[in-house]
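Quantities reported herein were computed from a predicted structural model and do not represent experimental measurements.
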Amino acid sequence: MICLLLLAGVLCFVYFTMLVTYVGPQSFFFVFPMLGLGCFLLALLWHGHYKGRFTLPRRLIVVFWTLVGTGVMLFGILFGMILYGQSVGPDEKADYVIVLGAGLRGERPSLVLQNRINAAAEYLHSNSDCKVIASGGQGADELISEAEAIRRGLESQGISTERILMEDKSTSTQENLTFSRAYIPDGSSVVVVTNRFHVYRACHIAHECGYTSVSGLGADNVRWLNPTNYLRECMAVFKDVVLP
């Protein structure tokens with residue numbers, strides 16, 4: 001147990017270093033060094049208890065394992081909800097597609113956004129009557145809006161300019177879907193394009209924004225980002241879906 005806790009702590013710090021190096025500092029990433037410190041602290045307590053240097057109260061041990069078990073069960077339920085959302089699949093003949101923005105590096109889409117553009121382009125080629133809304137504003141460190149990057153990416157894959165509508169003011173998923181709705185006639189069917197881990201919550205938010213016929217198209221995840229994406233998404237689903 002002690003070795004497993006120490007290994008988990010080291011992996012948390014290594015993963016945090018990778019995130020900061022290749023993605024850049026983000027506040028959520030600091031969850032991982034906090035988890036790492038927690039693992040080291042538990043290893044220290046377990047070692048002291050095992051070696052007889054001190055004795056942890058039995059009640060405290062029971063409470064700890066109860067909390068751990070409850071947390072694991074809750075995480076499993078939330079993770080199952082996310083997996084269900086990404087497994088349903090999109091309406092094959094939707095009227096509109098909304099591509100949700102994600103980060104840029106200057107003018108170049110991040111790999112997360114590029115995967116969304118690729119998935120949207122493939123869908124649009126198979127559904128020639130469908131229009132697409134490129135949705136996303138311009139961040140402080142971005143040279144163009146995310147909507148503009150999406151438009152360029154779609155056009156480079158053969159989607160005509162006439163099919164692309166621009167929504168370039170939004171800064172969150174809630175705003176993506178709220179502002180995009182102004183371009184969509186009532187009763188239209190909509191496919192929201194995002195990454196797989198985000199499909200469940202994006203469709204939930206769309207329903208809250210008044211969409212009556214909405215489904216999700218999950219683009220490929222960036223695999224090495226799965227731990228942070230799914231952990232953050234579980235917390236977001238708990239806040240946005242479970243708590244209300």
Do the non-hydrogen side-chain atoms of [X] and [Y] ever get within less than 4.5 Å of each other?
{"X": "Tyr211", "Y": "Arg181", "value": "yes"}
{"X": "Leu44", "Y": "Phe40", "value": "no"}
{"X": "Met166", "Y": "Ile150", "value": "no"}
{"X": "Val214", "Y": "His207", "value": "yes"}
{"X": "Val190", "Y": "Ile184", "value": "yes"}
{"X": "Glu167", "Y": "Thr178", "value": "no"}
{"X": "Gln157", "Y": "Leu154", "value": "no"}
{"X": "Leu19", "Y": "Trp224", "value": "yes"}

Taking atom types as modelled and ignoring hydrogens, do the side chains of Glu142 and Ser145 form a donor-acceptor contact shorter than 3.5 angstrom?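 Glu142 vs Ser145: no donor-acceptor pair found between side chains.
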Among side-chain atoms of Asn176 and Ser135, is any donor-acceptor pair under 3.5 angstrom?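 Per modelled atom types, Asn176 and Ser135 side chains form a pair under 3.5 Å.
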Are [X] and [Y] in one and the same hydrophobic cluster, where Ile, Leu, Val, Met, Phe, Trp and Tyr link if side-chain heavy atoms are under 4.5 Å apart?
{"X": "Met34", "Y": "Phe29", "result": "no"}
{"X": "Leu78", "Y": "Met73", "result": "no"}
{"X": "Leu4", "Y": "Leu41", "result": "no"}
{"X": "Val68", "Y": "Val62", "result": "no"}
{"X": "Leu5", "Y": "Trp65", "result": "yes"}

For atom [atom1] of [X], is the number of surrounding heavy atoms from other residues, nucleotides or ligands below 6.0 Å larger than 12?
{"X": "Arg108", "atom1": "CZ", "result": "no"}
{"X": "Glu122", "atom1": "CD", "result": "no"}
{"X": "Phe28", "atom1": "CZ", "result": "yes"}

Run Tyr200 and Tyr84 through ring pair (Phe, Tyr, Trp, His ring centres under 6.0 Å) and show every step you take. CA-CA 7 Å; Tyr200 177 82; Tyr84 170 76; 7.3 Å; no
Shortest non-hydrogen separation from [X] to [Y] and the atoms involved:
{"X": "Ala134", "Y": "Ile164", "answer": "CB-CG2, 4.4 Å"}
{"X": "Ile2", "Y": "His47", "answer": "CD1-CA, 3.5 Å"}
{"X": "Arg163", "Y": "Cys130", "answer": "NH2-O, 2.8 Å"}
{"X": "Leu177", "Y": "Ala206", "answer": "CD1-N, 3.7 Å"}
{"X": "Ala202", "Y": "Val192", "answer": "CB-CG1, 4.2 Å"}
{"X": "Val199", "Y": "Gly218", "answer": "CG2-CA, 3.6 Å"}

When you look at Gln26 and Arg232, which way does the side-chain contact (heavy atoms from CB on, under 4.5 Å) test go after all the steps? CA-CA 12 Å; Gln26 295 184 18; Arg232 177 162 46 188; 3.6 Å; yes
Which residues share a side-chain hydrogen bond (donor to acceptor under 3.5 Å, both in side chains) with Ser215, sequence neighbours left out: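 Ser215: no side-chain hydrogen bond (donor to acceptor under 3.5 Å, both in side chains) contacts found.
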Apply side-chain contact (heavy atoms from CB on, under 4.5 Å) to His125 and Ile159, showing your working. CA-CA 8 Å; His125 280 304; Ile159 305 303; 3.8 Å; yes
To the closest 0.5 Å, what do you measure between [atom1] ([X]) and [atom2] ([Y])?
{"X": "Phe197", "Y": "Asn229", "atom1": "CZ", "atom2": "CG", "value": "3.5 Å"}
{"X": "Tyr15", "Y": "Leu35", "atom1": "OH", "atom2": "CG", "value": "12.0 Å"}
{"X": "Phe238", "Y": "Met235", "atom1": "CZ", "atom2": "CE", "value": "10.0 Å"}
{"X": "Arg105", "Y": "Asp141", "atom1": "CZ", "atom2": "CG", "value": "10.5 Å"}
{"X": "Phe179", "Y": "Gln174", "atom1": "CZ", "atom2": "CD", "value": "9.5 Å"}
{"X": "Leu165", "Y": "Ile133", "atom1": "CG", "atom2": "CD1", "value": "5.5 Å"}

Kindly indicate, with the supporting measurements, whether the criterion salt bridge (Lys or Arg N to Asp or Glu O under 4.0 Å) is fulfilled by Arg201 and Glu233. CA-CA 8 Å; Arg201 189 162 62 94; Glu233 196 65 16; 2.8 Å; yes
Chi angles and distances behind the side-chain contact (heavy atoms from CB on, under 4.5 Å) call for Leu42, Phe64: CA-CA 11 Å; Leu42 287 174; Phe64 171 76; 3.8 Å; yes
Do Tyr230 and Phe79 make the cut of ring centroids closer than 6.0 angstrom?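 Between Phe79 and Tyr230, which both carry aromatic rings, the centre distance is below 6.0 Å.
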Can we call the ring centroids of Phe32 and Phe13 under 6.0 Å apart?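 Distance test on ring centres: not under 6.0 Å, no.
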Could you pull out every donor-acceptor pair under 3.5 Å between side chains of residues 89-104 and any protein atom, sequence neighbours left out?
residue, atom, partner, partner atom, Å
Asp91, OD1, Lys93, N, 3.0
Asp95, OD2, Ser189, N, 2.9
Asp95, OD2, Ser189, OG, 3.2

Taking the basic N atoms (NZ, or NE/NH1/NH2) and the acidic carboxylate oxygens, is any pair closer than 4.0 Å for Arg152 and Glu155?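 So Arg152 does not pair with Glu155 through a salt bridge.
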Kindly determine whether Val191 and Tyr123 satisfy side-chain contact (heavy atoms from CB on, under 4.5 Å), including the steps that lead there. CA-CA 10 Å; Val191 167; Tyr123 181 89; 3.8 Å; yes
Single hit among Leu113, Asn221, Asp220, Leu225 for side chain to side chain contact (heavy atoms under 4.5 Å, CB included) with Asn195: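 With Asn195 as partner, side chain to side chain contact (heavy atoms under 4.5 Å, CB included) holds for just one option, Asn221.
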